[in-house]
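Chain identifiers are assigned alphabetically (A, B, ...) following the order of the sequence lines, protein sequences preceding nucleic acid strands; residue numbering begins at 1 within each chain.
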Number of protein chains: 2
Amino acid sequence: MAGNRLDLNLLHVFDTIYREGSLTRAAKALHLTQPAVSHSLSRLRDHFDDPLFTRQGNQMVPTPLARRFLESMKPGLTQIQGAVNQFHAFDPANQRKTYSLGLRDVLESTFLPPLMQRLYAYPELEIASKRIPRRDMETQLAAGKLDFAVDVLLPVSNQTSHELLRQDRLVVLAREGHPLAADALDMDGYLSARHVLVSSRAEGPGIEDFELSRLGVQRSIRLRCQHYYAACRVVEGTDMLLTMPETYAQIISERANITIMNPPADLPSVDVHLYWHTAYGQEPALIWFREQLKAIQ
Amino acid sequence: MAGNRLDLNLLHVFDTIYREGSLTRAAKALHLTQPAVSHSLSRLRDHFDDPLFTRQGNQMVPTPLARRFLESMKPGLTQIQGAVNQFHAFDPANQRKTYSLGLRDVLESTFLPPLMQRLYAYPELEIASKRIPRRDMETQLAAGKLDFAVDVLLPVSNQTSHELLRQDRLVVLAREGHPLAADALDMDGYLSARHVLVSSRAEGPGIEDFELSRLGVQRSIRLRCQHYYAACRVVEGTDMLLTMPETYAQIISERANITIMNPPADLPSVDVHLYWHTAYGQEPALIWFREQLKAIQ
DNA sequence: TTACGCGACTGAATTATTCTTATCGTTTAC
DNA sequence: GTAAACGATAAGAATAATTCAGTCGCGTAA
């Protein structure tokens, strides 16, 4: 590469050194020898006039400039790799690939265990789950910082595609031996109890409350908290009821003294959708991953 | 480059051939010889197993696959170039750079003329203005398809930065010789007339109507349309009034038989903001451009 | 139709770059 | 304290890219 323009292939090397924290390991990952990587690094150092990585103990620690640089070039590199791979089949058994997922807390517990079980056969694949604010979901997908996001139905621009992954029925949880758990739960019983509401928002009703008010009734919410797990602990120790999605309820109830009951009326289901950037979603590696996600339902 | 991984430097060549539509011109732009570019192209052809560009007459036309590929890799390439340039000063006089702006129709007329006048001294710079739906603004900024967007104040995620560019006062327009134009416009006069409302939305009041209803009055809107220019033509030919931002009103009134009046009450001003992606905005070329935009106020 | 010129392609030789092998100096861990 | 691990460096080898020279195809003009 003539001129002062940076050799783009060095970006791969830079990214790998950053990820591996070692020239030797980076060399192995790149199928090169250690001196080759060392030379590439020195070329990068010349270009940026900065050491980029300093040796501390037995790992190469990035300098602040290196951090800033990676931060701003990594999404672009991911996109380019995706664009290039678009025209070649994806081989999950041999190709290394990191998928980054946006999952809200509850979904981590319901999705990751079966997903990792399924992906265990592919040791080269790596999953990174992040919790991101809803408002940032689309921009992160568009910026290439996130491959997929899983969430309830949200309004999105047409640059973002989505697909229904799972419809989760709402069920009611009570402690084992709860007086209302003896028979099928009816509306009078449901309304006579005190309730826990789990919501990430600071105020406003839950989706089940919308349906209840449509039926002309109202329940008495005595606790509002952010996590279902905490709510279940409360339910375990009191006579309060908790209304929540069935899948996660099943998982929690396995290790808790909790009974799951059908709700006293037809409540709306929680629709869990998979989101991805329309254009980047053409990449075979991402198409393959979508299939895996759908298969674990 | 060993292995089957694509040499990333070829992407620059690909992009340039695409842009120039000719190997010879691409070679000049890249400071290479024509056969060098030809060789690079044949390497790309091997990799993609596709001609990518076919000669038609005296220009190289991209194949459908080439189009698809450019579409998906161009944003990433732009981002990477930005990330690399981040650490080197920007020289607007000699460096080639294309800025892509998201402008809504009205803003094109108010921004582009003074902007291009200011940028005329820099022949290497290129501006592309696009109209994009509001909902897509953030994702396009995040995807690197847009460098800047200019619009009224909108809710954005913290990945998008914004800055107030200009506060535009609302004024009232009437045809020259309109009976109400003889004296200063008072509220009784304003309300006695029929009004045109310009809005990109299909329904709902304008911002001036919010203020009027706060004052306990309501005006009579008889026409709702999408463009101020069309609305002015209507105003020119009738006794209807139009309330709109002053800057654009000044521009239109120069070539129309229209009088500009102060509104009969303090109306809220239209705040025009400049938006950009927080991370990419660190690039010197973009910082420089922001300065230019602010300077033309 | 033919001649001319432009622009893309090809091949061989040269040049330049990048990789590898071998070795050294540090640092870390046992 | 010693061995192992890791990154930097030097010199030679291999590879890849560039240039030069020439061919071919196509469009344009005589």
Undergrad: Centres of the A/Tyr122 and A/Trp288 rings: under 6.0 Å?
TA: yes
Undergrad: Rounded to whole Å, please give me the gap between CZ in A/Phe53 and C1' in D/dC6.
TA: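 About 16 Å, once rounded to whole Å.
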Undergrad: Taking everything shown except B/Tyr229 itself, do over 12 heavy atoms lie less than 6.0 Å from its OH?
TA: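 No, because the 6.0 Å sphere around OH of B/Tyr229 holds 12 heavy atoms or fewer from other groups.
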Undergrad: Hey, which of these two, A/Gln56 or A/Val37, hits DNA chain C nearer its 5' end, going by closest nucleotide?
TA: A/Val37
Undergrad: Go through C/dC9, D/dT19, D/dA17 for me and flag the one nearest to the B/Asp7 side chain.
TA: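 Side chain of B/Asp7 sits closest to D/dA17.
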Undergrad: I need the NE2-P distance between A/His39 and D/dA13, as an integer number of Å.
TA: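 In whole Å, D/dA13 P lies 16 Å from A/His39 NE2.
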Undergrad: When we call it a touch if two heavy atoms are under 4.0 Å apart, what does A/Arg45 touch: a base, just sugar-phosphate, or nothing?
TA: sugar-phosphate
Undergrad: Tell me the interatomic distance from B/Arg25, atom CZ, to C/dC6, atom C1', rounded to whole angstroms.
TA: 12 Å
Undergrad: Is B/Ser38 touching bases, backbone alone, or none of the nucleic acid, heavy atoms closer than 4.0 Å?
TA: base
Undergrad: Between A/Glu138 and B/Thr139, do the side chains contain a donor N or O and an acceptor N or O under 3.5 Å apart?
TA: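 No, no side-chain donor-acceptor contact under 3.5 Å.
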Undergrad: Rounding to a whole Å, what distance do you find between B/Leu41:CG and C/dC9:P?
TA: 6 Å
Undergrad: Identify which nucleotide among C/dA8, C/dT18, D/dT19 has an atom closest to any side-chain atom of B/Met60, counting heavy atoms from C-beta outward.
TA: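 Looking only at side-chain atoms, B/Met60 lies closest to C/dA8.
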Undergrad: Atom CZ in B/Phe14, atom CG in B/Leu52: separation rounded to 0.5 Å?
TA: 5.5 Å
Undergrad: Evaluate the side chain to side chain donor-acceptor pair (under 3.5 Å) criterion for residues B/Gln86 and A/Ser72: first the C-alpha distance (whole Å), next the side-chain angles of each, then the deciding distance (0.1 Å), finally the verdict.
TA: CA-CA 9 Å; B/Gln86 211 176 98; A/Ser72 54; 3.3 Å; yes
Undergrad: Are OP1 or OP2 of D/dA5 and a side-chain N or O of A/Thr24 less than 4.0 angstrom apart?
TA: no
Undergrad: State whether the distance check finds a donor on one side and an acceptor on the other, under 3.5 Å, for side chain A/Gln34 versus base D/dA5.
TA: no
Undergrad: When you measure only distances, ignoring hydrogens and angles, does the side chain of A/Arg55 come within 3.5 Å of the base of D/dC6 through a donor and an acceptor?
TA: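 In this structure, the two groups form a donor-acceptor pair.
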Undergrad: How is B/Ser42 classified with respect to the nucleic acid when contacts are heavy atoms under 4.0 Å: base, sugar-phosphate, or nothing?
TA: nothing
Undergrad: Under 4.0 Å from OP1 or OP2 of D/dA17: is there any side-chain N or O of B/Arg43 that close?
TA: yes
Undergrad: Taking atom P of C/dT18 as reference, at what distance in whole Å does atom CG of A/Leu30 sit?
TA: 15 Å
Undergrad: Here's a test of your reading of the structure: between B/Pro35 and A/Ala36, which maps to the more 5' nucleotide of DNA chain C?
TA: B/Pro35
Undergrad: Roughly how many Å is it from CG in A/Leu32 to C1' in D/dA14, rounded to a whole number?
TA: 14 Å
Undergrad: Could you tell me how far apart A/Leu52 (CG) and D/dA8 (C1') are, to the nearest whole angstrom?
TA: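 Answer to the nearest Å: 16 Å.
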Undergrad: Report the distance from atom CD of A/Glu20 to atom C1' of D/dC6, rounded to the nearest whole Å.
TA: 15 Å
